[in-house]
**Student:** 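Structure below; questions to follow.
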Amino acid sequence: MMHLAGKPDDFQDQLRSVAGLPAEARLAELTRLAAYRLDLVDTMQLDRLLCETESGELPSVRVAILAPHTTQHLLPGIRVAGLRSGLAIETYINQYGQYRQEILDRTSQFHAFEPQVVLTTVGAAEVVAGLDITADAASSEDALARKLEEVRDLWRLVREGTGASIVQQTVLDSSEPVFGSFDRLVPAAPLRLLRRFNDLLAGSAAEAGVALLDLESACLRDGRDYWHDRQRWLQAKYEISPNAGPAYGELLAGIVAAQRGRSRKCLVLDLDNTLWGGVVGDDGVAGLALGQGDAAGEAFLAIQTYALQLRSRGIVLAICSKNDPRVAERAFAEHPEMLLDRQHIAVFKANWDDKSENIRAIADELNIGLDSLVFVDDNPAERQRVRASLPMVAVPELPDDPSEYVPTIARAGYFEALSFTSDDRARAEQYRNQGQRAALQASSQSLDGFLQSLDMRLAFGEPGAADLPRTAQLLGKTNQFNMTGLRPTQGQIEDLIAGGKVRVLVFRLADRFGDNGLVSALVLESGDDDGAGADILNWVMSCRVFGRQLEDEIMNIVVELANARNWPTISARFVPTDRNAVVGELYERLGFSKVSATSAETDASSWRLTTGDYQARHTHIDRGSRQ
Amino acid sequence: MNDSDLLKLFAGILGRLLFDDTIVLTRETVRTDVNGWDSFNYITFIAAVEQELKIRFRVADIESFETVGDIIDEAKRLSDA
């Protein structure tokens, strides 16, 4: 939680004054106050006000927590962390000791809650139960396999009963050494069993499309005694210490936010005293603290290493610095210890303009939302200014010592992911190509000429097994070109396809600058019989390929499919959010007619196309082979 | 910290937890005197006091404290130790 700014001295007064505000102002004020680093009691106070406040425009998510231990004390932290992530999290916890019964009983409160996310947890005591430390390797392994099967059964029950996405928590190891270091070598020592079980759990979760909340790793980072307080366990079966409640909320809300496409996508870095020690304009390239052999210089190398790791997993890097651009560029070109190369940076803004304006420009050039950015700057005044003018940009509070920068940013959970696909691996390159495309566009006489010169090739078809993770990720993460907000997980996509009435189409676009990868997915439901229409359940497209006529070409393909299958109409819905205005006019532009008045409750609109009336649209995209 | 410092600290934590600025504690106060000070809030209160004073109560003591004065005496003993 070190990434959050310390609360002001009059925090209590500010919090108390929220109660007197008009209803519509309360949520904004609570959101502002939630951005501070809050302790347990602050969090409980803020949560109490939050629960009395209308969630308004905030997207709501119903999260059920199934645990064999007490979790009631964790709910304020979860809801407040949800607010920080822009989500109104509603919570449900099982009756103590009853979670299996509640899943099995379709009339239970758990089912009435209609959870969208279900967190399943296992206690350490359950894993080691019945195993004597004298047990041999084979019987230990058998016992763990049986326990694992119980967890997988639970997932199946939850999935079949609710359709919710599942998050499994790794087991918190509350054991103490029996032998000492030798525990690691004893098959049935508690430590060995719990380590092994968590590894098995992670493998099964990956197979089953279940997300992980890795409490074991959190304990390794922060210390087990930070997360688990044995007195509270003895008093009231709190597995998680109440004082760790706010941090626990951050862990869970981070995963829920990632499932909702709210993870950050781009790291924007300052230069002087952030990427290197010193001020390049004053100290010169040779005078910078950067590189091996010097503690401060190595601390800055660690920041560059971390930035490169993020880039390798698909996070885009940008620079925003008050500097002479030539001087800044020179540091990249000439400093022998620089790990970051100029070509790793998708957008480079070194000038004397206001940083908020530069950050806006970075988001525009990358065509991503401001709420996808994390801005890292050592200067508290710059941080404050950006926080005030662009509250949707994440601006971590940085400690004085650069050696603490990486843990502060890395533990904030900004870049929480649910998968790692081949598209992620290639993304950094794709964003750099984006810059080259922009240059070509600037030199082209006309948009038409530009699109023609891109030499675009489209491959499409139903997703193969290897495409499914990326398909789920694209549906899950896309916010701008997202027509209905339906975000099925990989398991849910497989279930939909297996059901027989739904087909999923995926589209890959390549051009002369490279392969953009799998950039669009369309979920289509159709009746069994000729004569019934088709219904677009959702359609998403990566912002990287906006403005390329891809949506036109995809609609050509969908209509061709409709004609081949004798579907007389194609229906579609548009559900507006605070992020998808870019496609608000899409169906109208593609020739659909609005069939229902906007629904007052959701602002959703329904559209229909008579396929016989469709005029195929001209594009500069060549069709490659079907996938 | 003396008795009056601790009474003020405890009343402050409890007031924030229960959203009640009017709470006044004396050494003789028992939990049932304070509206809303149930066992759930008691655990949170103890956790917050421990964090604030950097002390650890013994589990048996936490269960057997009867008055606020009992908590104060034990907190003072642990702080001096």
Side-chain angles (χ1 to χ4, degrees), chain A residues 1 7 9-20 30 33 37-53 69-77 80 93 96 225-249, chain B residues 1 5-25 29-32 34-66 68 70-75 77-79 81:
Chain A
M1 307 268 292
K7 62 190 174 190
D9 291 339
D10 64 343
F11 178 79
Q12 275 302 316
D13 297 336
Q14 293 191 30
L15 193 60
R16 273 151 208 259
S17 66
V18 171
L30 288 173
L33 293 170
R37 188 167 64 244
L38 305 182
D39 66 18
L40 168 68
V41 180
D42 299 327
T43 301
M44 292 180 73
Q45 282 183 286
L46 198 146
D47 176 61
R48 183 149 160 175
L49 290 164
L50 182 61
C51 288
E52 294 165 357
T53 301
H69 41 256
T70 308
T71 51
Q72 187 194 354
H73 63 297
L74 301 173
L75 302 183
V80 170
I93 54 176
Y96 190 79
D225 292 350
Y226 169 78
W227 287 99
H228 178 78
D229 179 336
R230 61 188 72 72
Q231 295 191 340
R232 303 290 102 84
W233 172 256
L234 294 171
Q235 273 180 289
K237 295 294 171 279
Y238 285 11
E239 186 190 48
I240 307 287
S241 154
N243 287 321
Y248 183 83
Chain B
M1 278 191 159
D5 293 335
L6 288 169
L7 282 171
K8 216 191 293 176
L9 175 77
F10 290 4
I13 292 173
L14 210 49
R16 288 164 60 205
L17 266 178
L18 303 178
F19 263 70
D20 184 351
D21 291 336
T22 65
I23 291 176
V24 179
L25 298 178
T29 306
V30 295
R31 264 207 281 148
T32 47
V34 181
N35 208 1
W37 199 4
D38 56 14
S39 58
F40 178 71
N41 285 319
Y42 180 58
I43 295 178
T44 312
F45 169 81
I46 290 290
V49 168
E50 286 186 338
Q51 192 170 52
E52 188 71 35
L53 298 178
K54 299 187 172 58
I55 56 170
R56 297 284 282 164
F57 294 112
R58 290 178 297 203
V59 277
D61 290 338
I62 297 169
E63 307 224 320
S64 63
F65 291 139
E66 283 183 9
V68 167
D70 294 341
I71 307 177
I72 286 177
D73 291 341
E74 184 61 10
R77 189 184 73 78
L78 291 167
S79 303

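In what follows, chains are A, B, ... by sequence order, proteins preceding strands, each numbered from 1.
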**Student:** First locate atom CG of A/L234, then atom CD of B/E63, and finally report the distance between them rounded to the nearest 0.5 Å.
**Tutor:**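 Atom-to-atom, A/L234:CG and B/E63:CD are 9.0 Å apart.
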
**Student:** Under 4.5 Å from any heavy atom of chain B, what part of A/D42 do you find: side chain, backbone, both or neither?
**Tutor:**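 Contact with chain B is through both the backbone and side chain of A/D42.
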
**Student:** For A/R48 and B/L17, work out which heavy atoms get closest and say how close.
**Tutor:**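 Of all heavy-atom pairs spanning A/R48 and B/L17, the closest is NH1-O, 3.9 Å.
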
**Student:** So how far is it from A/S241 OG to B/E50 CD, rounded to the nearest 0.5 Å?
**Tutor:** 9.0 Å

**Student:** By a 4.5 Å heavy-atom criterion (distance strictly below it), what part of A/Q12 contacts chain B: side chain, backbone, both, or neither?
**Tutor:**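 For A/Q12, the side chain is the part near chain B, not the backbone.
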
**Student:** Enter the distance from A/T70:OG1 to B/I43:CD1 here, rounded to the nearest 0.5 Å.
**Tutor:** 7.5 Å

**Student:** For B/I62 and A/R232, what are the C-alpha separation, side-chain angles and deciding distance, and is it a side chain to side chain contact (heavy atoms under 4.5 Å, CB included)?
**Tutor:** CA-CA 10 Å; B/I62 297 169; A/R232 303 290 102 84; 3.6 Å; yes

**Student:** Inspect the surroundings of CG in B/D5 and state if more than 12 heavy atoms from other residues, nucleotides or ligands are less than 6.0 Å away.
**Tutor:** yes

**Student:** Rounded to the nearest 0.5 Å, how far apart are CG of A/D39 and CZ of B/R16?
**Tutor:** 5.5 Å

**Student:** Does CG in A/D10 sit with more than 12 non-hydrogen atoms of other residues, nucleotides or ligands closer than 6.0 Å?
**Tutor:** yes

**Student:** At a 4.5 Å cut-off on heavy atoms, which part of B/F45 comes close to chain A: side chain, backbone, both, or neither?
**Tutor:** neither

**Student:** Measure across A/V41 and B/I13 and return the closest heavy-atom pair with its distance rounded to 0.1 Å.
**Tutor:**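 Looking at all heavy atoms of both residues, the shortest contact is CG1-O, 4.4 Å.
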
**Student:** B/A47 and A/N243: which non-hydrogen atoms are nearest, and at how many Å?
**Tutor:** O-ND2, 3.4 Å

**Student:** Specify which of A/M44, A/Q72, A/R230 makes the most heavy-atom pairs with chain B at under 4.5 Å.
**Tutor:** A/Q72

**Student:** With chain B, which of A/Q235, A/H73, A/R16 has the greatest number of heavy-atom pairs at distances under 4.5 Å?
**Tutor:**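 Max contact count across the listed options: A/R16.
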
